[in-house]
Amino acid sequence: MANTPLILDIKGNSLDDGPGIRSVVFFKGCPLSCAWCHNPESKIAGPQISFDPERCVGCGTCMKVCGENALASDNPFFVDREKCTLCFDCAGACPARALERVGRPMTVDQVVSQAVRDKVFFEVSGGGVTFSGGEPALFPEFLGRAAEALKERGIHVLVETCGLFDMDQFEARVYPHLDLIYFDIKLMAPEAHRQYCGRSNRLILENFQILYRRYLNGGVPVVPRTPLIPGITDTRENLSAILDFYRSQKVRAARLLPYHPLWREKHTKLGIEPGEGETLPDRWMGREEMAEWEAAFARQGISTRPGGITPE
């Protein structure tokens, strides 16, 4: 994995990625390949091209500049990714921005400068900057330098992680500059985790235990999160196992994340063929579907609501 990541986007005015109003920096590249990933454009570390048919005005400008003849209106994905060399001439020529480059190189200074534009909103709301992805901890040197620069400016720093990273590098380069960690615990059964996420969860659980033990001893607060994926992570067997694990670690605050199907549209834009995840529902998860498990967690002394027993 390269030391310098590509950045997918830096989005301001976020209310869903930590306390207060936040800017979220999305890294490209992830060691997992979750079937339900809501940011499928973040899985591959390298650049990609995206085509949005809703934006396309049919002018044909992109086809004229493509030297590889990789664009065709009769292609269901419009772009033939086997022919495409990722020169992005088509994206530069497209007047409607239907074709776009996914993932751009940025320096640490560029990331920090853009992320702090909303500092006044951070100050009045108790917000800050969240590093997400993809998996930002895949790039510990870059992430650590960016986090350190933000801390020097008095800005709250949060990292969202899938938990699969090198702990020695994370502790040395990143951990000293963090205020909060969101740590995903998706599936407890190793075989299910490998089936739906592409990798074993052994190191993920080990890393969580290390970080949570440190939190209980005065270190950086850690909030575990579980996405509720119908028929996969929201089963009684899996969530009961997660509850048992949380009890063993003395966890008192966690998050349950509702499923949404927005990743389907992104698959089409990226030219991803239907796969295992296509069997998942194409509807949003309703509030009532989460209530049962929120109550079950609460009965075990684990708050799942912001503003409850949380380190935020």
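Predicted model, so just to flag it, every value in this text is computed and none were measured. Numbering starts at 1 and runs along the sequence shown. Side chains included, hydrogens not; waters and symmetry mates left out as well; all remaining heavy atoms used.
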Short question: side chain of [X], backbone of [Y] - any donor-acceptor pair under 3.5 Å?
X      : Y      : result
Lys119 : Arg153 : yes
Asn207 : Phe165 : yes
Arg173 : Gly144 : no
Ser113 : Gln110 : no
Asp17  : Val129 : no
Asn75  : Leu71  : no
Arg236 : Asn238 : no
Asn201 : Arg194 : no
Asp184 : Lys186 : no
Asp166 : Gln169 : yes

- Query: What is the minimum heavy-atom distance between Ser132 and Val24, and which atoms define it?
  - Reply: CB-CG1, 3.9 Å
- Which heavy atom in Gly12 sits nearest to a heavy atom in Ser23, and how many Å separate them?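 Scanning both residues, the minimum pair turns out to be CA-OG, 3.9 Å.
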- Classify the ring geometry between His38 and His260 as parallel (under 30°), tilted (30 to 60°) or perpendicular (over 60°).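 Answer is perpendicular, since the angle exceeds 60°.
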- Task: Measure the acute angle between the ring planes of His267 and Trp263, then classify it against the limits of 30° and 60° as parallel, tilted or perpendicular.
- Result: perpendicular
- Item | Arg252 to Tyr246, cation-pi by 6.0 Å centre distance and 45° axis angle |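 No, a cation-pi geometry is absent between Arg252 and Tyr246.
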- Task: Give a yes or no on whether Val108 and Leu178 share a hydrophobic cluster (residues Ile, Leu, Val, Met, Phe, Trp, Tyr; joining criterion: side-chain heavy atoms under 4.5 Å apart).
- Result: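 Per the 4.5 Å side-chain linkage, Val108 and Leu178 are co-clustered.
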- Message: I'd like to know whether Arg22 forms a side chain to side chain donor-acceptor pair (under 3.5 Å) with His156, so could you lay out the CA-CA distance, the side-chain angles of the two residues, the decisive distance to 0.1 Å, and finally the verdict.
- Response: CA-CA 9 Å; Arg22 310 191 70 83; His156 183 279; 3.0 Å; yes
Does a side-chain heavy-atom distance below 4.5 Å link [X] with [Y]?
X      : Y      : result
Leu239 : Leu228 : yes
Phe183 : Ile204 : yes
Val223 : Arg255 : yes

Salt bridge flag under 4.0 Å for residues [X] and [Y]:
X      : Y      : answer
Lys151 : Asp179 : yes
Arg97  : Glu100 : yes
Lys269 : Glu54  : no
Lys28  : Glu135 : no

- Query: What do you reckon, are the aromatic ring centroids of Phe131 and Phe26 less than 6.0 Å apart?
  - Reply: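 Here the rings of Phe26 and Phe131 have centres that are no less than 6.0 Å from each other.
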